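We're numbering straight along the sequence, starting at 1. These numbers were taken from a predicted model, which means no experiment stands behind them. Remember, it's 1-based here, ligands and their atoms both numbered in the order they're listed.
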Amino acid sequence: MVKVAVVEGDGIGHEVVPVARDIIAAVRPDFEFFDVEVGYGRWERTGSACDEETLADLQSADAVLFGAVTTPPDPGYRSVLLQIRHALDLYANVRPIRGEGVDIVIVRENTEGLYSGIEWTEPDRACTVRVVSRWGSERIARYACNLAKSRRHLTVGNKANVLKSDCLFIDICTVEAARANVPCRTSYIDALCLDLLMHPDRYDVIVTTNMFGDILSDAAAYLVGGLGMLPSANVGERHALFEPVHGSAPDIAGRNIANPVAAIQSGAMLLSHLGDPASAAAVGEAVGRVLSAGIRTPDLGGTAGTREFGAAVLREVGRGKA
Ligand code: NAD
Ligand code: IPM
Ligand code: MN
């Protein structure tokens with residue numbers, strides 16, 4: 001029996017995750033789902049956002065479907081998502097950007113860089129150490145090259161003109177690309193941000209360090225209609241977690257207007273990861289048909305609610321099966 005842990009999290013996570021879960025359950029009625037509570041809401045209620053037992057629950061699943069968590073900018077609060085990514089060693093954050101004339105995959109290193117967790121606060125300054133290790137860079141470079149081998153080429157997003165840590169990163173990525181016979185070029189991340197938006201056709205697989213990948217992927221959402229559209233996979237050797245790129249969106253939470261496409265497509269990535277690309281494709285095609293029929297949430301200029309959009313996708317998935 002395939003076990004899927006379901007984490008709604010906070011804010012619109014409570015709205016988009018049930019929609020995605022129902023769609024996965026419709027195509028795979030044999031999956032067993034179990035809920036896991038983490039996040040700011042839990043922290044407010046119990047004083048703990050996530051603990052060892054919760055992490056063990058997530059580790060026991062074949063895959064995790066995750067919504068979003070609120071992270072207050074409080075120095076005493078450690079982001080739950082970062083705890084989970086570290087505990088499950090989810091080193092590759094894969095963020096596909098697909099839409100009309102756009103087919104790009106950002107592969108973001110997910111465990112080190114500026115998110116090393118090595119930081120401290122002094123009275124008059126605060127420091128965060130950016131760690132780029134050979135081992136960490138080799139594994140993400142290999143992941144990206146493996147993906148690029150069946151696609152077109154690789155771009156290494158970096159700031160090696162300023163950061164010694166990125167000199168190491170690009171060296172390792174270029175060596176891995178040559179080894180895998182993948183055409184590869186390097187691009188400074190600031191210029192890349194703009195060029196990606198102006199000429200998306202120039203890009204295929206982009207590999208980059210943790211924080212650059214975080215920023216680049218939100219910007220890239222512009223190409224396909226915004227944050228409501230971008231799914232992602234967080235993958236390691238033993239575990240995998242699937243979540244929208246967006247956050248808990250407190251500004252729109254609780255109003256049934258959040259776009260569930262990112263969460264649904266994250267569900268499709270989960271299906272693919274669990275060895276069912278046919279169901280993943282069926283879900284992706286159903287989403288495409290609903291959008292083409294003009295059923296859209298307000299962020300895409302439509303009037304459909306989160307639940308109504310989900311119901312339309314469920315109907316299409318059913319039709320596809322018939
Ligand atoms: P956000 O992604 O939550 O929202 C940014 C903007 O995009 C908002 O205006 C929001 O309404 C809109 N938006 C996001 N998702 C949408 C959707 N599905 N449909 C329609 N509109 C959508 O980013 P933020 O506002 O910077 O952060 C809010 C909280 O979420 C913070 O606490 C942040 O730390 C957290 N966060 C969590 C994750 C995660 O859990 N993966 C990711 C990013 C941010
Ligand atoms: C993301 C988010 C997270 C990140 C935050 C909430 C820790 O922005 O998944 O893109 O920075 O990785
Ligand atoms: Mn982000």
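Taking the Mn ion (ligand 3) as reference, the nearest N/O/S atom within D214 carries the name OD1.
No salt bridge links R42 with E37; every basic N to acidic carboxylate O contact stays at or beyond 4.0 Å. Ion pair D62/K3 not flagged as a salt bridge, since none of the NZ, NE, NH1 or NH2 atoms sits closer than 4.0 Å to an Asp/Glu carboxylate oxygen. A salt bridge links D35 with R21: the distance from a Lys NZ or Arg NE/NH1/NH2 to an Asp or Glu carboxylate oxygen falls below 4.0 Å.
Residue contacts with ligand 1: A262 is excluded, as none of its non-hydrogen atoms falls under 4.0 Å. Residue G247 places no heavy atom under 4.0 Å from ligand 2.
Between P250 and ligand 1, a contact under 3.5 Å exists for no N or O pair. The shortest N or O to N or O distance between R108 and ligand 2 is under 3.5 Å. Where the criterion is an N or O separation shorter than 3.5 Å, residue side chain and backbone included, T70 fails it with respect to ligand 1. For V69, a nitrogen or oxygen atom sits less than 3.5 Å from a nitrogen or oxygen atom of ligand 1, counting backbone and side chain alike. Not a single N or O atom of D299, backbone or side chain, sits closer than 3.5 Å to an N or O atom of ligand 1. Close N/O approach between P244 and ligand 1 is not found [any backbone or side-chain N/O within under 3.5 Å]. Polar contact check, R85 against ligand 2: a nitrogen or oxygen pair lies under 3.5 Å apart.
The backbone and the side chain of N259 each have at least one atom closer than 4.0 Å to an atom of ligand 1 (non-hydrogen atoms only). The residue S79 has no part lying near ligand 1, judged by heavy-atom distances below 4.0 Å. At a 4.0 Å heavy-atom cut-off, ligand 1 touches I252 through the side chain alone. At a heavy-atom cutoff of 4.0 Å, ligand 1 is contacted by both the backbone and the side chain of T71. Under 4.0 angstrom from ligand 1, there are no non-hydrogen atoms of D10.
When distances from atom 4 (C) of ligand 2 to the protein are checked, a heavy atom turns up under 4.0 Å. In this structure, atom 25 (O) of ligand 1 is not in close contact with the protein, since no protein heavy atom lies within 4.0 Å of it. Proximity of atom 1 (P) of ligand 1 to the protein is indicated by at least one non-hydrogen atom lying closer than 4.0 angstrom. Distance remark: protein heavy atom present below 4.0 angstrom from atom 29 (C) of ligand 1.
Judged by the 6.0 Å distance and 45° axis criteria, R142 is not positioned over the aromatic ring of Y91. Cation-pi contact between R130 and F169: absent, since separation from the ring centre below 6.0 Å together with deviation from the ring axis within 45° is not met.
The protein atom (non-hydrogen) at minimum distance from atom 6 (C) of ligand 2 is T71 OG1, 4.2 Å. At the shortest separation from atom 7 (C) of ligand 2 among protein heavy atoms lies S79 OG, 3.6 Å. Of the protein's heavy atoms, A249 CB, 4.5 Å lies nearest to atom 12 (C) of ligand 1. For atom 11 (O) of ligand 2, the closest heavy atom belonging to the protein is Y115 OH, 2.6 Å. At the top of the distance list for atom 2 (C) of ligand 2, counting protein heavy atoms only, stands D214 OD1, 4.0 Å. Shortest contact from atom 8 (C) of ligand 1 to any protein heavy atom: D251 OD2, 3.3 Å.
Heavy-atom contacts of E243 reach the following atoms of ligand 1: 41 (N) (cutoff under 4.0 Å). Numbered from 1 in the order shown, with element, the atoms of ligand 1 that lie under 4.0 Å from a heavy atom of L227 read 2 (O), 5 (C), 7 (O). Heavy-atom proximity to I12, at under 4.0 Å, picks out these atoms of ligand 1: 15 (N), 16 (C), 17 (C), 18 (N). Near G228, meaning under 4.0 Å from one of its heavy atoms, ligand 1 places the atoms 17 (C), 18 (N).
Looking only at atom types and distance, the side chain of D57 has no donor-acceptor partner in the side chain of T54 under 3.5 Å away. Side-chain contact, R108 with T208: no donor N or O sits under 3.5 Å from an acceptor N or O.
No option in I97, L192, V107 other than L192 meets the side-chain contact (heavy atoms from CB on, under 4.5 Å) test with I206.
Remark: side-chain polar atoms of R289 are paired, donor with acceptor, to backbone N or O of E316 under 3.5 angstrom.
Nearest-heavy-atom check against atom 1 (C) of ligand 2 across M211, R95, E243 picks out R95. Considering each of A258, P260, G247, the one bringing a non-hydrogen atom nearest atom 23 (O) of ligand 1 is G247.
Under the 4.5 Å side-chain contact rule for hydrophobic residues, L114 and V156 do not share a cluster.
No more than 12 heavy atoms of other residues, nucleotides or ligands shown are found within 6.0 angstrom of CG on N181.
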